[in-house]
Amino acid sequence: MQQKANRVSQASRRQFLRGMGVALALPWLESLPFTGRLSAAAGTAAGTATKPPLRLGIVYFSNGVEPIHWWAKGSGASMEVGPALAPMKPYTGDMVFIRGLFSQAALQSSSPHLGRMNVLSGAEVSLDPSVIRVGTSMDQVLAQQIGGQTAIPSLVLGIEPNELRLEDGLSMIYGSAISWTTPTRPATKEIYPARAFDRLVGDGSGRPLDRSVLDEVREDAASLRPKVSRNDRLKLDEYFESIRDIELRIERAGREGTIEGWKSTLETPDMPRPDDDLPQNVPAHMKLMLDLVVLAFQMDRTRIATLMLNNDLSQMNFKFLEGVQGALHLDLTHNGRAADKEAMYLKTNQFHIEQFAYLTGRMKQIQEGEGTLLDNSILMCTSSLFDGDAHSADQLPILVTGRGQGTIRTGRILDYLDAGDDHRKVCSLHLSLMDRMGVSLRQFGDATTRLEELG
């Protein structure tokens, strides 16, 4: 027992830099082999880690796309993409464009928006206003099965707060969540960057940090540097720089009031009610959340992350884009094919895909052994609608990047649109991704088969 305790203690010292009330997890370093991550639940070693772990990240955007702008042709780096996908052009060799998958349960719903919000579960959304129910989402199935390997079973992030109003007679909690821990309970979605940061780099409690985490662990970090290779020292420098950058951006945003990271100093309001527009810089908020996903994967604090760029039926105002005026849902999505509105809607599509391209690019830049963080990950970008103007969900916009440690062949187009309904279930994709993450189920949602062509 004492030998086992010593092994666990040694693993802990190698996996973390420690300071007063801070335990900063290290990224994967090839020159510093160590026992696998400690189980947060059991506190025991999970096995010998000989390579980086596999991660899954999901980025969701609401209200679908303009179909005429969503297409791809060819393969590899020379793949042609439609205007909505223009930000992905540098990464077509890292991407799988998937066409034609859908959820039968979504089409059966009479609610054109909220009834489609089963993109990660494939289960029917309850149309009984007195009952909140949709299936457990696949990211949370993974969290329940393998989440104990990391301190945070899954990281669930968003930009807009949960809404409690009714739409189509249904609760907008459906439109505010894509991750469900049970069929009746959505996963808690964190929209405050500072809180997410504290949860990642603090002591796990999420309590605010009074000082820079790097200041706290400086002494331990200095003692580590001589023990690792030159390449790993460069990796540590990049890692520390990314943490400092996030700290400074959160601090600056708090001072400027541009992101919902500040804390109230008043018990009652001392001003009239402001306009409904969110009091934040949307692009900065999204980029911070994307960087926190990268940080969480680097630190191995979690291997499963989801990010909602906006809620369904979102009233997010895109006036920060040049030439765009109005809220995403009513003003831009439902444009009646008017040329000026359609052009603005295209810009919102491009903006959403730009966020996914940024995440893909950031992870491609980070080396892990002979590959990159992207090579050791699977990223998926999707929406719950295809044609946002028509509320259609007979196919879904889906992009996958990352090679899943060699289990996914990228630079390709997979087209299932004419394959017949039994062969184009989005839950077949979910089964395929869960397999790669180490969780194999006989059935998920309405599917029992996998997408064999993915590998």
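The shortest distance between side-chain heavy atoms of Val125 and Ser111 does not fall below 4.5 Å. Between Leu17 and Phe240 there is a side-chain heavy-atom pair separated by less than 4.5 Å. Put simply, the side chain of Leu101 does not reach to within 4.5 Å of the side chain of Leu414, judged on heavy atoms. Between Leu374 and Arg403 there is no side-chain heavy-atom pair separated by less than 4.5 Å. Under the 4.5 Å side-chain criterion, counting only non-hydrogen atoms from C-beta, Asn118 is not in contact with Glu124. Put simply, the side chain of Tyr239 reaches to within 4.5 Å of the side chain of Leu295, judged on heavy atoms. Inter-residue side-chain proximity for Cys381 and Met88 is flagged as unmet; no heavy-atom pair is nearer than 4.5 Å. Looking at heavy atoms from C-beta onward, Ile152 lies in side-chain contact with Leu200 at the 4.5 angstrom threshold.
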Q | ring pair (Phe, Tyr, Trp, His ring centres under 6.0 Å) between Phe320 and Phe318, intermediate numbers included | A | CA-CA 5 Å; Phe320 55 84; Phe318 278 75; 5.2 Å; yes
Q: Check the pair Glu247, Arg244 against salt bridge (Lys or Arg N to Asp or Glu O under 4.0 Å), reporting the backbone distance first and the verdict last.
A: CA-CA 5 Å; Glu247 286 183 326; Arg244 179 71 79 191; 3.4 Å; yes
**Q.** Test side-chain contact (heavy atoms from CB on, under 4.5 Å) applied to Val65 and His352, step by step
**A.** CA-CA 10 Å; Val65 298; His352 289 142; over 6 Å; no
Q.
Evaluate Leu54 against Arg303 for side-chain contact (heavy atoms from CB on, under 4.5 Å), listing each step before the verdict.
A. CA-CA 7 Å; Leu54 182 60; Arg303 296 170 188 173; over 6 Å; no
Q: Determine, step by step, whether Thr401 and Thr360 satisfy the side chain to side chain donor-acceptor pair (under 3.5 Å) criterion, reporting the C-alpha distance in whole Å, the side-chain angles of both residues, the deciding distance to 0.1 Å, and the verdict.
A: CA-CA 7 Å; Thr401 58; Thr360 297; 3.1 Å; yes
Q: Assess whether side-chain contact (heavy atoms from CB on, under 4.5 Å) is satisfied between Ser62 and Met316, documenting all intermediate values.
A: CA-CA 10 Å; Ser62 69; Met316 181 178 287; over 6 Å; no
Q: Could you check Ser154 against Asp139 for side chain to side chain donor-acceptor pair (under 3.5 Å), going step by step and ending with a plain yes or no?
A: CA-CA 8 Å; Ser154 76; Asp139 63 307; 5.0 Å; no
Q: Given side chain to side chain donor-acceptor pair (under 3.5 Å), test Asp435 with Ser440 step by step and report yes or no.
A: CA-CA 5 Å; Asp435 283 348; Ser440 294; 3.1 Å; yes
Q: Give the intermediate values and the outcome of side-chain contact (heavy atoms from CB on, under 4.5 Å) for residues Leu454 and Leu429.
A: CA-CA 9 Å; Leu454 195 61; Leu429 172 62; 4.0 Å; yes
Q) Under the side chain to side chain donor-acceptor pair (under 3.5 Å) criterion, do Asn376 and Glu368 qualify, and how do the steps go? A) CA-CA 8 Å; Asn376 294 310; Glu368 282 193 333; 2.9 Å; yes
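Between Leu120 and Thr306, the shortest heavy-atom distance links the atoms CD1-CG2, 4.5 Å. Nearest heavy atoms, Gln298 versus Ser242: OE1-OG, 4.1 Å. Of all the heavy atoms in Ser121 and Phe444, the pair that sits closest is O-CE2, 3.6 Å. The minimum heavy-atom distance linking Asn63 with His329 is given by the pair ND2-CA, 3.2 Å. Nearest heavy-atom pair across Ala143 and Pro153 is CB-O, 3.9 Å. In this structure, Pro129 and Gly169 approach most closely via the heavy-atom pair CB-O, 3.3 Å.
Interatomic distance, CG of Leu307 versus CD1 of Ile58, reported as 11.0 Å (0.5 Å rounding). If you take CH2 on Trp70 and CG on Asn349, they are separated by 7.5 Å, rounding to the nearest 0.5 Å. Of the inter-residue distances, the one linking Ile98 atom CD1 with Leu399 atom CG reads 8.5 Å to the nearest 0.5 angstrom. Distance check, rounded to the nearest 0.5 Å: NE2 of His391 to OG of Ser109 gives 11.5 Å. Here Asn162 contributes atom CG and Met308 contributes atom CE; the two are 8.5 Å apart, rounded to the nearest 0.5 Å. Distance check, rounded to the nearest 0.5 Å: NE2 of His113 to CG of Asn311 gives 12.5 Å.
Of the possible polar contacts, none joining the Thr448 side chain to the Gln443 backbone as a donor-acceptor pair under 3.5 Å is found. Proximity of a side-chain donor or acceptor of Ser314 to a complementary backbone N or O of Leu328 within less than 3.5 Å is not detected. Counting only distance, with no hydrogens or angles, the side chain of Asp415 and the backbone of Leu417 share a donor-acceptor pair below 3.5 Å. Proximity of a side-chain donor or acceptor of Gln144 to a complementary backbone N or O of Thr181 within less than 3.5 Å is detected. A distance-only check finds a donor-acceptor pair linking the side chain of Arg301 to the backbone of Arg199 [under 3.5 Å]. Listed for the Arg436 side chain is a donor-acceptor partner under 3.5 Å among the backbone atoms of Ser432. Counting only distance, with no hydrogens or angles, the side chain of Arg412 and the backbone of Glu453 share a donor-acceptor pair below 3.5 Å. At least one donor-acceptor pair under 3.5 Å links the side chain of Gln405 to the backbone N or O of Pro52. Ser137 places a side-chain N or O within 3.5 Å of a backbone atom of Trp180 that can act as its donor or acceptor partner. Looking only at distances, no side-chain donor or acceptor of Thr150 sits under 3.5 Å from a matching main-chain atom of Asp300.
In this model, a donor atom of one side chain and an acceptor atom of the other lie less than 3.5 Å apart for Tyr358 and Asp291. A donor atom on one side chain and an acceptor atom on the other are found under 3.5 Å apart for Thr372 and Asp375.
With sequence neighbours excluded, no residue satisfies salt bridge (Lys or Arg N to Asp or Glu O under 4.0 Å) with Lys189.
In summary, of the residues considered (Leu114, Ile132, Val131), a side-chain contact (heavy atoms from CB on, under 4.5 Å) with Ser171 occurs for Ile132 alone.
Within a 6.0 Å sphere centred on CZ of Arg133, heavy atoms belonging to other residues, nucleotides or ligands number 12 at most.
A salt bridge does not link Arg424 with Asp418: none of the charged nitrogens is closer than 4.0 Å to a carboxylate oxygen.
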